[in-house]
Every structure is written in C-alpha cells, then in structure tokens.
Protein chains: 2
Amino acid sequence: MENVRELFQIMTRRFGFLNKNCCSAGGCDISLVQSHILYEIDRQHQPSIQQVAEALGTDITTFSRQIQSLIKMNLVKKSPDPNDRRVFVLSLTTEGKYVATTIDQQCNAYLAEIFSHMNDFEKETVIRSIKLLNEAMSKSSLCCSTPIG
Amino acid sequence: MENVRELFQIMTRRFGFLNKNCCSAGGCDISLVQSHILYEIDRQHQPSIQQVAEALGTDITTFSRQIQSLIKMNLVKKSPDPNDRRVFVLSLTTEGKYVATTIDQQCNAYLAEIFSHMNDFEKETVIRSIKLLNEAMSKSSLCCSTPIG
DNA sequence: CGATTTATTTGCAAAATGCAAGTATTAGAG
DNA sequence: CTCTAATACTTGCATTTTGCAAATAAATCG
C-alpha cells in the first residue's frame, strides 16, 4: 500500500504554489494569507470577524489586525451588526471584490490548464473524488478542523 | 459548471488543519513549517539546503535560519558535501527521524479515518485521482511550482 | 590566474504571531 | 431588575518569522 499522505502532501503543496502565484490583481499585490481572507469573506454571507478567523484557523487577535490592514488597503469593509453590537460584519469593497474575483479567475484558469492534461472522463472522476473527499473530511471533524492549540 | 477552485481550496485547507494537528511526537512540539521541513528532508536523499528550500518554496535565507533552529533542537544534521565544499547536506538525526515517522503515522491514521467514511471503490478512485492530479500538475510546471517573487 | 556563478550565512528592518489584559455588549442567574 | 459570567473584539507587548541586501566561501569558466 502506497503512502497516502505523500500524495496529499505533494498535491496540497503544489496547490499552495498555484495560490501563491495568483496573489495579484491589477497592480494590487497581496499576501497569501490576505488572499485566503478575501476568499473566505467572499464565500460567506456577511460573516463576523470571529467566523472568518475560525474558518481559517487563525488566532483572533492576529486576525483582527489582518482585517485592519485590509481595511486600510480599502479591500474590506467592517460594519456593526445591528442585532448584536459586539459583532462586526465583514464584506468586500468594490475594489476587494474585484481583487477576489480576479484571483479566483486566475486560479480557475490555472486549474483548467492542469485539467487540460486529462481527458474528460479523468477530469470528471477527479472532481467527483475531491467532492467525496470533502464530504468525508467534514464527517471526520476530529482531524480536519482548526487545531485546538 | 461548479467552481473547481472552491473544491480545492476547502480540501487543502482541511488537509492543512490535519497537518497542523499532527505537529507533535513524544512531547516534542514543532511548528507546521518545521514539520514540512522534516518531511522533505526525510523524503529526499541527502538533500542540500538549497534543494529543500526550493522544494518548499521558502526563501533561502529564511530557510537557513529554520535549519539552524532544527539543528539546535537536535532534529536535523548538517554535513559538508565532500564533492562540493560550498554545499551542506541535510539529514535527520535519530530523534528527528523518530519525530518525522511519528508525524507521518499520525497523518496516515487521520487519513485512514477519513477514508473509513467511503467504500473501497470510492477510496481507490480518490487515491487514483490524486495521483492523476499530481501527474497533471507536474506537467503544468507553469503554475504549480515555487513562485518567482 | 581573474572574473563570474553558486551555496550558504548574517545584518537589519518589517511583518506576523499569540498571550495577557482591556473595553464593550449581551445573556443568564437569582 | 441587577449582578455576574460569557462573548466579540481590540490593544500592549514580546517573540518569531520573513526577506532583501550584502558578506563569505568555494567552484567554474575563460
């Protein structure tokens, strides 16, 4: 039996490089961490600071400062939650949305290039496999959620 | 057509959490970055500092210092290359090998737990898919290798 | 031999990290 | 309703990580 971790390790490392290669949009260079934050704010519906920090597994105090940077860069907006005045709700500015969308398109273009080395059947199999994997990982919350420490 | 990047993003994030949850072995806590370094030194045959840094996409000067830390922790050994005295060759100490092996087993145990939510056919399909993906990614060196900047 | 390239290290300054402690607000017990 | 505990977020440090520029040392090439 082959080493399964090896396969995952190499794949995720490569996808990490892909992500890192997609960290600019129209003259705006951002860090990989910032790219992940924009992605997650875009994905969720008006998430709180806490929610995004937890989704990304980042310490809340570090995350608070990262949001401050992104606000200063005019990519993210922070609005008070009318239902709970302790909470701030995050959203992308027009510019932030543009950056996130451009990065997303670039990533998808790279992925399309990767899949161009497969036939349609292989491509569909791979995509279905990743969905299966995501479902299985969400079932074993034990290991694939944010670390305790 | 679904968003392929989304699938990858979530999967790699979760595998990142899995990795982060496997960063200790017998009372020895290490960082995620250090775990990746031990993994890569173990994987390659007597790699040079340069080779590991490039494989991981880390700046060489940062990497040099990370190796210094690991040597201080007695996990890594640095030996001069007899063929080229500019080069230092890296290997794991007995303790480093133990830590790397323990982490590897822990990761594989978590992965086995994930796969336990699938039947054998699905599992084989997923593993074959990841192999396909790795092959395709290595063909499109354009996007999945270490960033230029 | 002398100039250039390559492998690695150090100086420094900036950025990221995380714990402890603080503020502000809400929820819950009595 | 009031007082306490919990929650969401921010700030003060101090440590760690990062990466560019420059230094060192050794190999290569003309």
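Per chain, numbering begins at 1; letters A, B, ... match sequence-line order. Here the structure is a predicted model, which means the values were calculated and not measured.
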*asked:* Tell me which pairs pass salt bridge (Lys or Arg N to Asp or Glu O under 4.0 Å) where either residue lies in residues 103-118 of chain A, with sequence neighbours left out.
replied: D104(A)-R5(B)
_Interatomic distance where CG belongs to L32(A) and P belongs to dT18(D) [whole Å]_ = 12 Å
*Atom CD of Q34(B) to atom P of dT17(D): distance rounded to whole Å?*
7 Å
*Whole angstrom is fine here: how far is it from CG in L56(B) over to P in dT18(D)?*
11 Å
_Tell me whether the side-chain N or O atoms of T61(A) pair up with the base of dC19(C) as donor and acceptor below 3.5 Å, since no angle test is needed here._
yes
*Measure from the side-chain heavy atoms of Q68(A) and tell me the nearest of dG18(C), dG19(D), dT11(D).*
dT11(D)
*Hey, which of these two, N83(A) or S31(A), hits DNA chain C nearer its 5' end, going by closest nucleotide?*
S31(A)
_Ion pair R128(A)/E122(B), N-O distance below 4.0 Å_ = no
*Of all the nucleotides listed (dA8(D), dT10(D), dG12(D)), which has the minimum atom distance to the side chain of V87(A)?*
dA8(D)
*asked:* Between R85(A) and dA8(D), is there a contact of a side-chain N or O with OP1 or OP2 at under 4.0 Å?
replied: no
*Compare side-chain N and O positions of K78(B) against OP1 and OP2 of dA7(C) and report whether any pair is under 4.0 Å apart.*
no
_Under 4.0 Å, counting only non-hydrogen atoms across every strand here, what does S69(A) touch: a base, just sugar-phosphate, or nothing?_
nothing
*asked:* From CD1 of I67(A) over to P of dA16(C), roughly how many Å is that when rounded to an integer?
replied: 12 Å
_If I take atom CZ in residue F88(A) and atom P in nucleotide dA8(D), what distance separates them, rounded to the nearest angstrom?_
13 Å
*Give S48(A) one of three labels, base, sugar-phosphate or nothing, depending on what nucleic acid heavy atoms sit under 4.0 Å from its own.*
sugar-phosphate
*d(CG, L70(A); C1', dA16(C)) in whole Å*: 13 Å
*Out of dA27(D), dT18(D), dT10(D), which nucleotide sits closest to the side chain of Q66(B)?*
dT18(D)
*Nucleotide of dT8(C), dT11(D), dT9(C) approaching S64(B) most closely (side-chain heavy atoms)*: dT9(C)
*Any donor-acceptor N or O pair under 3.5 Å, side chains Q9(A), H36(B)*: yes
*In Å, rounded to the nearest 0.5 Å, how long is the span from OG1 of T12(B) to CG of L18(A)?*
10.0 Å
_Using only modelled atom types and a 3.5 angstrom limit, is any donor from either the side chain of R86(B) or the base of dT8(C) paired with an acceptor on the other?_
no
*In whole angstroms, how far is the P atom of dT15(D) from the CG atom of D59(A)?*
17 Å
*When you measure from the side chain of I60(B), which nucleotide among dA26(D), dT9(C), dC9(D) comes out closest?*
dT9(C)
*Okay, side chain of Q106(B), backbone of I103(B): is any donor-acceptor separation there less than 3.5 Å?*
no
_Side chain of Q50(B) only, heavy atoms from C-beta on: which candidate in dT17(C), dA7(C), dT18(D) is closest?_
dA7(C)
*Atom-pair distance (CZ on R65(B); C1' on dT9(C)), nearest Å*: 8 Å
*Looking only at side chains, do Q44(A) and E40(A) share a donor and an acceptor under 3.5 Å apart?*
yes
